[in-house]
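Step one of this worksheet: look at the structure below.
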Number of protein chains: 2
Amino acid sequence: MNNQAKNTAERILDVTQDLIQRRGYNAISFNHIAEKVGIKKPSIVHHFPGKADLGKAVVKRYREVFSAALQAIAEDDQKTAMDAFDFYCTPYLDYGGDKEKICLCGALAGEFLALPKVMQKEVAAFFDGHLRWLEDILKRGLENGEFHFTGKPAAMAQLVLDTLQGALIVKRATGTSGHVVEVMKTLRSKLEKPE
Amino acid sequence: MNNQAKNTAERILDVTQDLIQRRGYNAISFNHIAEKVGIKKPSIVHHFPGKADLGKAVVKRYREVFSAALQAIAEDDQKTAMDAFDFYCTPYLDYGGDKEKICLCGALAGEFLALPKVMQKEVAAFFDGHLRWLEDILKRGLENGEFHFTGKPAAMAQLVLDTLQGALIVKRATGTSGHVVEVMKTLRSKLEKPE
DNA sequence: GTCTATACAAAGATAGAC
DNA sequence: GTCTATCTTTGTATAGAC
């Protein structure tokens, strides 16, 4: 399904998500969004009554798409814990290869207190869900002998999430291509080998 | 030296830095700053001709204060590599204990492309400098037997910086007290023990 | 569902009095 | 060095025609 085949509401969500990942929430406006979608300002308001509603809808969709994919791979018996871990890394690798983009929720977390409450809730739920999922995968890999790290799976889950989120914001600021791939290899080695 | 003893320019810098660490750059205005300093909007303009000038001055000061402290401990022969590492962690620990604050440059990196060019340069220089300093300390600790990690010091420096920056943005969004302390212990254990 | 027109507030910035 | 007053632009949001 290409972009033109989508309905207006979806195209607004796509453009808004892209703009937030590049510039943040408080730096963009209905005008920026409307121009990229190819409509006028009030048409956005017709689909989303306010900027906070639009922002919330963007994060909610992002969170749910992630959530469904993570749940699917966690429930797939064919997949190893390392398969799941590598799958988790793919979006970070994608954004890592883009000079301008970072994780949607990483961008929003940087201006967290300047976000509408409804958006704060979504962003918090995103991170909470990822931490729980990572903990589960790491615990499984530790128990079945795939992983060999010391310390609790919960602590390792924090390390993984924090590192990947941090890697994206640092790579964009420093303009270092390969920064995310590099740190991901380091991270992976801490999971595989015993200390 | 208390706040009232400082001159106006310094008080403006203090308030602006604090506001950026809480809310980001694009979400704050001369009015917010003026109100907290206890002056009026045009008085700020007298000291800093534009918002970009003020923003640049804030990051420059932050970067230079950090830089001087890091250089001092790196040149102190009495300090071990682990002393230096722990010293590096202290500001992150301080912000970690605050529900609202993150690193100034971490906040700005989240809205990097929506910053004035002069500010982007300062933020990039901050991260570049920290990566070089960390690599130097880690290399030294590895050579003198204090540290026992595998992989290049440069890769480990990335891991440290990314993790600490990510930990701050994640802890604020999730409201998890202890998140930063916890991940820092994990990080420390990866330096100390051989894999 | 999309548009033009408009209301209203807040932003950065300037001029000039004190 | 600080202020009042003002300018200009841009922001979110609304009303109502098509």
Side-chain angles (χ1 to χ4, degrees), chain A residues 1 3-20 22-59 107-108 110-111 113-120 122, chain B residues 1 3-20 22-59 107-108 110-111 113-120 122:
Chain A
M1 195 198 312
N3 238 23
Q4 291 307 322
K6 292 185 178 179
N7 64 35
T8 305
E10 279 178 298
R11 277 160 53 215
I12 293 171
L13 289 173
D14 290 344
V15 166
T16 306
Q17 178 180 326
D18 185 81
L19 282 173
I20 294 176
R22 291 179 203 278
R23 306 176 46 82
Y25 175 77
N26 285 295
I28 65 170
S29 71
F30 282 167
N31 259 335
H32 299 127
I33 300 164
E35 198 179 339
K36 283 219 167 193
V37 176
I39 55 178
K40 298 294 178 182
K41 247 193 307 190
S43 301
I44 298 178
V45 182
H46 174 77
H47 296 279
F48 303 94
K51 196 186 176 186
D53 302 280
L54 172 55
K56 178 190 167 166
V58 168
V59 190
L108 294 172
E111 47 186 342
L113 296 176
L115 297 179
K117 283 276 182 291
V118 288
M119 291 184 69
Q120 291 183 351
E122 288 293 332
Chain B
M1 196 199 308
N3 237 24
Q4 290 308 323
K6 291 184 178 179
N7 64 35
T8 305
E10 278 177 299
R11 278 159 54 215
I12 293 171
L13 289 174
D14 290 344
V15 166
T16 306
Q17 179 180 324
D18 185 80
L19 282 173
I20 295 175
R22 291 180 203 279
R23 306 176 46 82
Y25 176 77
N26 285 294
I28 65 171
S29 71
F30 281 166
N31 260 333
H32 298 128
I33 300 164
E35 200 179 338
K36 285 220 166 195
V37 176
I39 55 177
K40 299 293 178 183
K41 236 187 329 181
S43 301
I44 298 177
V45 182
H46 174 74
H47 295 280
F48 303 94
K51 196 186 177 187
D53 301 281
L54 172 56
K56 177 190 169 168
V58 168
V59 190
L108 293 172
E111 49 188 341
L113 296 176
L115 298 178
K117 285 276 181 292
V118 288
M119 292 184 69
Q120 292 184 350
E122 288 293 331

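Within every chain, numbering begins at 1; the chains are lettered A, B, ... in the order of the sequence lines, protein sequences first and strands thereafter. Since the model is a prediction, treat every value here as computed from it, not as a measurement. These values consider heavy atoms only, across backbone and side chains, with no hydrogens, waters or symmetry-generated copies.
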Length of the CD1-P vector between A:Ile12 and D:dT12, whole Å: 14 Å

Between D:dT2 (P) and B:His47 (NE2): distance, integer Å: 4 Å

Using a heavy-atom cut-off of 4.0 Å across all strands, would you classify A:Ile44 as base, sugar-phosphate, or nothing? nothing

Would you say A:His46 reaches D:dT14's phosphate, i.e. side-chain N/O to OP1/OP2 under 4.0 Å? no

Using OP1 and OP2 only, check whether a side-chain N or O of B:Ser43 sits under 4.0 Å from D:dG1. no

Take the protein atom OH of A:Tyr25 and the nucleotide atom C1' of D:dT12, then report the distance between them rounded to whole Å. 10 Å

Please report, rounded to the nearest Å, how far the P atom of D:dT10 is from the CZ atom of A:Arg23. 13 Å

When the distance from NZ of B:Lys51 to C1' of D:dT10 is rounded to whole Å, what number comes out? 13 Å

Separation of D:dT2 C1' from B:Arg11 CZ (nearest whole Å): 12 Å

Under 4.0 Å: is that the gap between some side-chain N or O of B:Thr8 and OP1 or OP2 of D:dG1? no

Any donor and acceptor pair, going by atom type alone, linking the side chain of B:Lys41 with main-chain N or O of B:Ser29 inside 3.5 Å? no

B:Ala34 and B:Ile44: which non-hydrogen atoms are nearest, and at how many Å? N-CD1, 3.6 Å

Tell me which of A:Ala27 and A:Pro42 sits closer to the 5' end of DNA chain D, going by the nucleotide each one is nearest to. A:Ala27

Can you find a side chain N or O atom of B:Ser29 that sits less than 4.0 Å from OP1 or OP2 on C:dA10? no

How many whole angstroms separate atom NZ of A:Lys40 from atom C1' of D:dA17? 17 Å

Looking at every heavy atom in both B:Lys56 and B:Val118, which two are closest together, and how far apart are they? CD-CB, 3.9 Å

Using modelled atom types only, decide if a donor and an acceptor are shared between the side chain of A:Lys51 and the backbone of A:Ile28 within a distance under 3.5 Å. yes

Are any of A:Asn31's side-chain N or O atoms less than 4.0 Å away from OP1 or OP2 of D:dT10? no

Between P of D:dT2 and CD of B:Glu35, the distance in whole Å: 17 Å

A:Tyr25 to A:Glu111 - nearest heavy-atom pair and separation: N-OE2, 2.5 Å

